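This report refers to the structure that appears directly beneath it.
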Amino acid sequence: MKILVVGKGGREHAIVTALDESPSQTEIYSFPGSDAIFEIAKETPATDLPSLMAFMKSEGIDLCVAGEESYLVKDEGLANACEAADIPCWGPPKEAAQLEASKEFAKEFMVRHEIPTGGYAAVDSLEQAREAIAGKYPTVLKFDGLAAGKGVAVCVDEAMAEEFLAEVYVEKKFGEGRVLVEEFLEGPEISIFCSVVNDQYQILAPARDYKRLGDGDEGPNTGGMGAVSSREMAEPELMARIDAEIIRPTIEGLIKDGLPYRGFLYFGIMLTGDGPKILEYNCRFGDPEAQAVLPLIEGDFAAYVFNGAAGNLDRSLIFFKNGWSICLVSASSGYPQNSRSGDVISGIEDVEGARVFHAGTKKNNEGQFETAGGRVLVVVASAETREAAVEKVYQQSAKISFDGLQQRTDIGVRNF
Ligand code: AMP
Ligand code: GLY
């Protein structure tokens with residue numbers, strides 16, 4: 001089976017690894033890929049969606065897996081282009097991917113299908129935003145578009161809100177688009193990952209990511225400094241409630257709205273005093289959650305994804321390990337503001353009994369890996385208990401070093 005994975009980060013390194021380790025015979029390609037990914041997958045000469053499609057057709061690719069979101073909504077859409085070319089794609093068409101690409105589309109979908117979520121107003125200008133906030137803090141402001149996780153501000157006061165609004169309307173940092181002013185919700189967060197094939201779905205595992213740079217959830221927002229996954233994170237009663245109130249109505253909503261869907265669907269959920277409420281959808285696996293969740297999946301992941309992309313969700317092809325999986329991110333000096341690149345990384349080969357997935361690395365002329373981005377790499381360890389997984393992940397990650405390495409010391413430490 002020839003599989004092409006779209007993306008280049010730690011999540012895609014984990015996906016490529018899971019496909020490669022599957023019992024099915026696979027030949028894996030990646031676009032755009034990374035030096036670490038290319039130790040497992042083959043490179044492609046593609047530079048954009050049209051050249052990627054031409055490559056997949058000429059190479060006889062059997063399955064395309066969308067790791068990252070951007071190509072799902074670019075040009076005619078990756079899944080749409082694959083459908084036209086008769087190549088099964090694990091990732092939804094552009095129309096359904098609006099659930100992630102447009103926060104307003106997602107909110108309207110949630111309201112239309114009576115899925116519990118916070119109240120909101122969509123605004124077009126600085127004045128309208130101030131009017132919608134109406135002096136009530138904390139408030140949550142979201143730029144309505146793909147902003148690589150940076151278009152959200154939880155504002156505790158007017159100064160913070162004004163700063164974000166200046167980025168949107170004065171500096172135009174994210175381009176053109178509306179802003180959502182959202183009700184501030186409180187509670188522990190949980191992410192639920194599902195595989196969806198139209199009206200069929202399977203809940204894979206809950207996970208939690210740690211978005212802030214510093215210990216105790218302090219400091220600036222990042223792409224994620226670590227993640228934890230375990231089926232023990234949510235009691236069966238809570239999962240049943242999330243399924244009944246959020247997941248099932250979403251799947252039924254997609255059908256009612258005539259939006260076919262094949263791929264991973266990620267539900268970002270806040271467990272408020274008023275019950276679980278959905279914060280957002282992502283039409284893909286999370287990063288760094290994928291790196292924590294995928295090592296917990298056994299069976300034939302490649303066959304599972306291939307069958308799913310072809311329209312058949314075969315739950316019997318995978319099963320889940322018990323225990324806890326913890327993913328610890330090492331970030332570069334200066335992240336998230338100005339990430340420094342070019343620091344040589346040592347110790348990767350000394351890691352034992354844990355996995356290393358590369359997010360922002362490249363090989364230098366001497367063949368050593370060096371930093372090339374904000375989040376550099378992750379170490380993932382699993383164990384029967386959360387405490388044992390924490391100990392193992394920190395022990396193994398300590399073997400890896402580079403100048404300016406930043407890491408949280410509390411990933412997985414606190415219970416939720
Ligand atoms: P989003 O990209 O929409 O998930 O937002 C990123 C993060 O901002 C979430 O994981 C939450 O921690 C926080 N957040 C988003 N929406 C809200 C909300 N309505 N109330 C409180 N926090 C929020
Ligand atoms: N970890 C959050 C995300 O992938 O969007």
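Indexing begins at 1, ligand by ligand and atom by atom, following the structure's order. Since we're looking at a predicted model, the values are computed, not measured.
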Check each of Lys142, Lys277, Met270, Glu100 against atom 16 (N) of ligand 1 and report the one with the nearest heavy atom.
Lys142
Verdict with supporting geometry, Tyr304 and Ser195, side chain to side chain donor-acceptor pair (under 3.5 Å)
CA-CA 10 Å; Tyr304 175 78; Ser195 298; 2.8 Å; yes
What are the atoms of ligand 2, with element, lying closer than 4.0 Å to any heavy atom of [X]?
{"X": "Asp209", "answer": "1 (N), 2 (C)"}
{"X": "Gly286", "answer": "4 (O)"}
{"X": "Asn282", "answer": "5 (O)"}

Quick check: does [X] get an N/O under 3.5 Å from an N/O on ligand 2?
{"X": "Arg11", "result": "no"}
{"X": "Arg284", "result": "yes"}
{"X": "Glu280", "result": "no"}

State the atoms of ligand 1, each with its element, that fall below the 4.0 Å cut-off from a heavy-atom position in [X].
{"X": "Lys211", "answer": "10 (O)"}
{"X": "Glu182", "answer": "16 (N), 19 (N)"}
{"X": "Val140", "answer": "16 (N), 17 (C), 18 (C), 19 (N), 20 (N), 21 (C)"}
{"X": "Lys103", "answer": "2 (O), 3 (O)"}

Donor-acceptor pair, distance only, cut-off 3.5 Å: does the side chain of [X] make one with the backbone of [Y]?
{"X": "Ser325", "Y": "Ala292", "answer": "yes"}
{"X": "Arg408", "Y": "Gly226", "answer": "no"}
{"X": "Glu183", "Y": "Gly119", "answer": "yes"}
{"X": "Tyr394", "Y": "Asp410", "answer": "yes"}

Within-4.5 Å side-chain heavy-atom neighbours: Tyr201 and Asp243:
yes
Where's the contact between Glu183 and ligand 1, heavy-atom distance under 4.0 Å: side chain, backbone, both or neither?
backbone
Test Arg315 against Gln200 for side chain to side chain contact (heavy atoms under 4.5 Å, CB included), laying out the working first.
CA-CA 10 Å; Arg315 294 174 183 80; Gln200 311 158 58; 4.2 Å; yes
Are any of the N/O atoms on Leu185, whether in the backbone or the side chain, positioned under 3.5 angstrom from an N/O atom of ligand 1?
yes
Show your reasoning for whether side chain to side chain contact (heavy atoms under 4.5 Å, CB included) applies to Met270 and Phe184.
CA-CA 11 Å; Met270 188 82 92; Phe184 172 74; over 6 Å; no
Verify the distance criterion only: is there a donor paired with an acceptor across the side chains of Asp35 and His358 at less than 3.5 Å?
no
Which part of Met225 is near ligand 2, with near meaning a heavy atom under 4.0 Å away: side chain, backbone, both or neither?
neither
